[in-house]
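A, B, ... follow the sequence lines: proteins, then strands. Residue 1 opens every chain.
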Amino acid sequence: MQYHFNAIEAKWQKYWAEHQTFKAENNSDKPKYYVLDMFPYPSGAGLHVGHPLGYIASDIYARYKRHKGFNVLHPQGYDSFGLPAEQYAIQTGQHPAITTETNIKTYRRQLDQIGFSFDWSREVRTSSPEYYKWTQWIFIQLFESWYCKNHQCAFPISELEKLFSEEGNSGVNPACDENVELFTAKEWNTMSSEQQQSVLLQYRLTYLAETEVNWCPALGTVLANDEIVNGVSERGGHPVIRKKMTQWSMRISAYAERLLQGLDTIDWTDSLKESQRNWIGKSVGASVTFNVSDHDEVVEVFTTRPDTIFGVSFMTLAPEHDLVSKITTADQKEDVEAYIEATAKRSERERMADVKTISGVFTGAYAEHPFTKEPLPIWIGDYVLAGYGTGAVMSVPCGDQRDYDFAKHFDIAIPNIFEGVDISEEAYGSKDNVKIANSDFLNGMNYKKATKRAIYELEQLGQGEGKTNYRLRDAVFSRQRYWGEPFPVYYVNGKPQMIEKQHLPIILPEVEKYLPTEEGEPPLGRADVWAWSTETNSVVSNAKINNTTIHPLELNTMPGWAGSSWYFFRYMEDAMRDETFASEEALNYWENVDLYIGGSEHATGHLLYSRFWVKFMKDRGFVNVEEPFKKLINQGMILGTSAFIYREDGTNKYFSKGLIADKHVHPIHVKVKYINASDELDIEGLKKDSEFGEDYADAEFTLEDGVYKVGREVEKMSKSKYNVVNPDAICEQYGADSLRLYEMFLGPLEQAKPWNTAGITGVHGFLKKLWKLYIDDNGLKVNDAEPSKEAFKTLHKTIKKVEEDIENFSFNTSVSTFMIAVNELTAQKCTSKAILEPLLIVLSPYAPHIAEELWNRLGNDQSISTAPFPKFEEQYLVESSKNYPISFNGKTRFTLELPLDMSKDDIEKTVMAHEKTIAQLQGREPKKVIVVPGKIVNIVG
RNA sequence: GCUGAAGUGGUGGAAUUGGUAGACACGUUGGACUUAAAAUCCAAUGUCCAUUAGGACGUACGGGUUCAAGUCCCGUCUUCAGUACCA
């Protein structure tokens with residue numbers, strides 16, 4: 001009987017679905033384990049072989065944990081709001097919901113055929129109203145909260161109102177907008193409700209603010225910092241400009257310190273933690289204010305080197321700095337304005353590319369040194385960034401290379417405040433091994449002491465204080481798009497109001513077109529039912545404008561990361577649950593994700609935002625975990641191997657790769673399915689391909705050695721490069737088990753690696769051999785024969801290795817282990833059930849279908865997933881003897897097989913006897929024998 | 001520049017954490033079976049020298065520690081990823 005993988009796989013997939021084999025229980029005596037994949041965005045292209053890599057790894061782990069006696073939650077869903085469906089809608093008029101539904105069907109079919117052990121009863125879709133009701137609800141909770149820096153915790157905004165009415169705002173220490181005005185309790189209580197609302201907006205964890213945003217004209221929307229790569233949009237590569245807009249923002253900066261501290265408590269890779277640390281960008285230093293001479297203004301700067309305060313010889317402002325227009329003297333006005341205009345014209349990209357050119361201009365104004373009262377010229381320069389710190393720096397040319405270069409270029413003084421350091425060539429940027437000089441009360445101190453003293457003295461003067469600065473900016477939360485969560489917000493007199501929970505969800509309305517309106521409003525501005533009636537408490541049609549008091553609803557939608565920041569909690573419960581986003585019992589039982597697998601591209605987006613939301617939800621008591629993902633693994637990308645044919649310029653002639661050296665050719669991508677394992681092109685197949693019509697019909701192919709050789713190159717898998725390998729075709733031809741094993745076999749999980757379909761014959765051959773070990777032409781070969789010692793050894797070696805591999809996430813080496821085991825057992829002619837049955841359990845996480853089939857044929861009527869993982873027993877691996885390498889002066893000459901229980905002295909005696917014989921033969925004196933316990937025998941002379 | 005990861009046959013990659021480098025697989029070559037092909041099976045396959053026996057060299061490069069180094073230490077180079085005028 002042959003191994004009919006297609007039939008076997010279909011059979012068991014159906015069985016698992018019908019029996020709900022992988023349904024997780026919310027009540028169980030077993031310990032819980034939560035294995036999660038980053039849920040996919042269902043794109044129109046469907047899955048290619050790279051997508052399932054992480055899912056296969058997590059599935060192996062989930063199945064393994066079930067064998068190990070855990071109650072495993074392993075869900076899957078779709079991050080189904082997003083730009084591609086909307087772009088497609090703009091082009092075709094097709095509603096994104098329909099496209100999304102179609103794509104999800106394709107995804108589901110493709111996922112099902114690989115045999116994942118997902119509990120589909122908990123599926124979530126971020127675009128379904130049952131789900132985004134709760135995304136909207138969380139938004140409201142953020143609006144109704146403020147963050148107390150003293151307690152490092154978020155509280156309801158009503159508590160802040162109470163504090164304000166009792167003692168004003170001078171005593172509270174909240175995370176809030178900069179430069180909020182101080183008021184007393186009395187002042188607060190006399191404010192109008194509208195005024196109070198305006199004030200509170202400065203403290204809420206999500207707030208409306210006029211912010212400078214990254215506006216992408218081509219996409220008609222704003223983008224977050226992490227959606228911009230090299231100054232252009234991540235999607236589509238369109239230019240991005242700075243623009244001021246009123247936007248919802250998330251006060252993630254309030255959580256900067258906790259987001260940083262929390263990294264120490266979770267098991268993520270160093271590089272990922274490092275990315276987040278860099279993104280948060282904590283720097284400890286001081287804020288210092290410099291009075292501007294002859295003005296009523298001050299320049300506030302942030303510095304990490306307050307110890308170098310006496311080295312300041314000038315100030316530099318960003319060209320966009322508010323003070324520039326106020327302090328520039330009449331003489332300098334023309335130059336300054338010309339400079340500002342010139343920098344504004346330069347795109348972000350140019351400014352980044354051109355970091356070496358030093359440019360700047362003197363404002364004509366001077367600041368006063370806080371201690372020496374010396375006048376310090378105030379310059380503007382584009383090396384100072386408006387978006388970091390205060391947009392102004394105190395320039396210490398002897399201690400900072402950029403200040404140094406600037407000072408040299410404009411011939412500004414470079415006072416040296418370092419003892420015995422030569423600064424004639426470059427600045428001394430190091431904090432170490434140096435003492436401060438020429439600095440009044442700081443003389444002779446090191447960095448640490450001087451910093452402390454400088455801050456103290458500044459505080460005495462009232463011109464500075466110790467300060468910690470974070471690079472992390474608040475996250476803009478509004479998108480001018482259609483296909484996203486609507487905000488549960490309406491406006492009364494321009495002030496945002498939250499819609500009450502019982503009226504959620506606010507359903508995304510139908511629109512005729514998905515583009516922004518002619519007035520430049522977001523697409524929701526086109527909906528004729530996009531207003532809120534406070535009388536009926538419902539969304540009403542704009543047409544009813546005369547019958548009832550209506551208020552405009554927020555027209556923006558939420559960004560992609562809104563729905564993905566909390567979805568892992570929704571899986572804990574029935575996705576249709578309507579009372580809360582998940583029950584308290586479920587949240588208490590599942591806590592957080594034990595293992596999270598996904599791509600590293602989310603390092604500073606999704607993985608930071610979800611940590612922020614979870615910390616917030618913890619503060620407000622909605623969940624009871626501080627971190628969402630205990631352990632995180634980034635799977636590497638599977639790359640495609642593109643194939644090229646070479647067309648001679650201006651002809652329809654194609655030359656084989658070896659013949660192109662002296663010709664003018666250019667490479668053209670061809671479909672990889674026409675290439676065999678030896679890089680030879682199937683010319684007939686290509687000519688007949690309907691996608692290219694007649695393009696290749698009369699093409700002339702010049703061969704070498706009778707074949708056409710193509711060029712190969714490893715690139716990202718992409719439709720346009722014709723290097724996409726479809727898992728459907730692989731499952732069809734080799735089966736899901738082969739695909740699963742091969743994806744693991746390709747290499748370490750976390751590494752990027754190219755796909756090469758040719759290699760799959762190796763693992764496919766293994767599965768056939770495995771089948772033959774159990775089944776032959778007469779049916780089942782397995783019997784109750786007493787297993788041999790060797791068979792036990794093979795089995796237990798395999799158990800041990802695979803268990804270690806899975807725990808260490810090195811799935812690639814397990815596949816080799818299985819191959820060796822099957823080869824050994826075949827050679828031993830093993831037919832014992834006592835060996836072959838447990839072997840199936842060990843294999844089943846990797847190749848569940850064949851394992852389930854053989855398990856069933858061995859007479860088991862329960863799914864193999866209920867079977868406990870076989871226990872490794874050391875005794876079967878213990879050997880009676882061991883090969884000792886015998887080395888002379890470090891060179892291994894021969895090995896001696898000696899019994900394991902031999903004592904050190906006996907080993908020495910035995911080896912000495914050998915040495916004597918050899919020495920006699922070679923006609924020399926015997927050398928001394930040294931035994932290193934347990935390891936090796938040395939003979940030294 | 002900074003941070004992180006890595007460099008092993010023709011290729012993907014192993015190596016129990018300092019103990020016989022190259023497991024396993026692909027590819028290649030030869031053979032068996034077959035009218036033929038596919039499939040399957042067997043053998044060889046790091047490089048060099050040697051008819052053989054055997055030997056020399058070999059984990060990016062240069063040093064070092066050790067009886068013993070792919071593994072540890074110092075220096076250099078290269079590749080990939082992230083980040084960047086962050087004061």
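Between A/Lys408 and A/Asp405, the closest side-chain pair of non-hydrogen atoms is not below 4.5 Å.
For the 3.5 Å distance criterion, the side chains of A/Glu300 and A/Thr390 fail to qualify, holding no donor opposite an acceptor. There is no side-chain donor-acceptor pair under 3.5 Å between A/Ser253 and A/Tyr470. Side-chain contact, A/Asn469 with A/Ser283: no donor N or O sits under 3.5 Å from an acceptor N or O.
Note: OH (A/Tyr447) to C1' (B/rA87) measures 12 Å, nearest angstrom. Rounded to a whole Å, the NE2 atom of A/His764 is 18 Å from the C1' atom of B/rC24. Regarding A/Asn756, its CG atom lies at a distance of 10 Å from the P atom of B/rG12, rounded to whole Å. Rounded to a whole Å, the CH2 atom of A/Trp268 is 17 Å from the P atom of B/rA5. In this structure, CD1 of A/Ile280 is placed 15 Å from C1' of B/rU3, rounded to the nearest angstrom. Nucleotide B/rG12 holds its P atom 12 Å from the CG atom of A/Leu639, rounded to whole Å. In this structure, CG of A/Asp776 is placed 16 Å from P of B/rC41, rounded to the nearest angstrom. For the pair A/Lys793 NZ and B/rU16 P, the interatomic distance rounds to 18 Å; values are reported in whole Å.
Atom name C1', nucleotides B/rU65 and B/rG18: the rounded distance is 12 Å, in whole Å. Rounded to whole Å, the separation between the C1' atoms of B/rA84 and B/rG75 comes to 27 Å. Separating the C1' atom of B/rA5 from that of B/rG10 is a span of 26 Å, rounded to the nearest Å. The same atom, P, is picked in B/rU35 and in B/rG22; the two are 42 Å apart, to the nearest Å. Separating the C1' atom of B/rC2 from that of B/rU66 is a span of 35 Å, rounded to the nearest Å. With both ends at atom C1', the span from B/rG13 to B/rA25 equals 9 Å, rounded to whole Å. Rounded to a whole angstrom, the distance from the P atom of B/rC61 to that of B/rC24 is 26 Å. Between B/rU59 and B/rA14, the two C1' atoms lie 13 Å apart (nearest whole Å).
In this structure, B/rA38 makes no Watson-Crick or G-U wobble pair, since no nucleotide meets both defining distances under 3.5 angstrom. Under the Watson-Crick and G-U wobble criteria, each requiring two contacts below 3.5 Å, nucleotide B/rC33 is left unpaired. The base-pairing partner of B/rU71, taking Watson-Crick or G-U wobble contacts with both distances under 3.5 Å, does not exist among the strands shown. In this structure, B/rA60 forms a base pair with B/rU76, meeting either the Watson-Crick or the G-U wobble geometry with both donor-acceptor distances under 3.5 Å. Base pairing of B/rG12 is made with B/rC24, judged by Watson-Crick or G-U wobble geometry with both donor-acceptor distances under 3.5 Å. B/rG82 is paired with B/rC2 under the criterion used here, namely a Watson-Crick or G-U wobble arrangement in which both key atom distances are under 3.5 Å.
Among the atoms of the strands shown, only primed sugar atoms or phosphate atoms (P, OP1, OP2) are found under 4.0 Å from some heavy atom of A/Ser271. At the heavy-atom level, A/Pro754 lies nowhere under 4.0 Å from the strands shown. Across all strands shown, A/Lys768 has heavy atoms under 4.0 Å from sugar-phosphate atoms exclusively, and none from any base. A/Glu750 comes within 4.0 angstrom of nothing in the nucleic acid, heavy atoms only.
Between A/Thr817 and B/rC24 there is no side-chain polar atom (N or O) within less than 4.0 angstrom of OP1 or OP2. Phosphate contact (OP1/OP2 of B/rA39, side-chain N/O of A/Gln2, threshold under 4.0 Å): absent. A sub-4.0 Å separation between OP1 or OP2 of B/rA87 and a side-chain N or O of A/Tyr388 is present.
In this structure, of B/rU3, B/rA87, B/rC24, it is B/rA87 that holds the atom nearest to the side chain of A/Val384. Checking B/rA5, B/rA84, B/rC85 against every side-chain atom of A/Asp382, the shortest atom distance belongs to B/rC85. Closest approach to the A/Ser816 side chain among B/rA25, B/rC26, B/rA23 is made by B/rA23 (side chain taken as heavy atoms from C-beta onward). Nearest nucleotide to the A/Lys769 side chain, out of B/rC86, B/rC41, B/rG13: B/rC41. The side chain of A/Asn812 sits closest to B/rA14 out of B/rC85, B/rC86, B/rA14. Across B/rG13, B/rU83, B/rA87, the shortest atom-to-atom separation from the side chain of A/Lys753 is found for B/rG13. Nearest nucleotide to the A/Thr761 side chain, out of B/rC26, B/rG13, B/rG82: B/rC26. Across B/rA87, B/rC26, B/rG82, the shortest atom-to-atom separation from the side chain of A/Ala758 is found for B/rC26.
Ring geometry for A/Phe872 versus A/His796: interplanar angle of 30 to 60°, hence tilted. Between A/Tyr846 and A/Phe818, the two ring planes are perpendicular [angle over 60°; tilted spans 30° to 60°].
Listed by residue number, the members of residues 737-747 of chain A with any heavy atom below 4.0 angstrom from RNA chain B are A/Phe745, A/Leu746. Heavy-atom distances under 4.0 Å link RNA chain B to A/Arg402 of residues 396-407 of chain A, given in residue order.
In terms of heavy atoms, A/Arg740 sits closest to A/Ile60 at NH2-CG1, 4.2 Å.
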Steps toward salt bridge (charged side-chain N to carboxylate O under 4.0 Å, His left out) verdict (A/Arg277, A/Glu274): CA-CA 5 Å; A/Arg277 282 195 193 102; A/Glu274 203 55 35; 3.3 Å; yes
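Remark: A/Phe5 pairs with A/Tyr3, A/His764 by the ring pair (Phe, Tyr, Trp, His ring centres under 6.0 Å) rule, at least two apart or across chains.
Between A/Leu272 and A/Lys772, the residue whose closest nucleotide on RNA chain B is further toward the 5' end is A/Leu272. Place A/Gly389 and A/Ile820 on RNA chain B by their nearest nucleotides, and A/Ile820 ends up nearer the 5' end.
Aromatic ring centres of A/Tyr742 and A/Tyr734: separated by at least 6.0 Å.
In this structure, A/Arg611 is positioned above the aromatic face of A/Trp268, its NZ or CZ under 6.0 Å from the six-membered ring centre and within 45° of the axis.
The glycosidic torsion of B/rG12 lies more than 90° away from 0, which places this base in the anti conformation. Anti is the classification of B/rU8, since its glycosidic angle lies more than 90° from 0.
Residue A/Thr308 forms a side-chain contact (heavy atoms from CB on, under 4.5 Å) with just one option from A/Asp403, A/Leu442, A/Ile417, and that option is A/Ile417. Residue A/Lys797 forms a salt bridge (Lys or Arg N to Asp or Glu O under 4.0 Å) with just one option from A/Glu804, A/Glu790, A/Glu824, and that option is A/Glu824.
Taking 4.0 Å as the cut-off between side-chain N and carboxylate O, A/Glu257 and A/Lys282 count as a salt-bridged pair.
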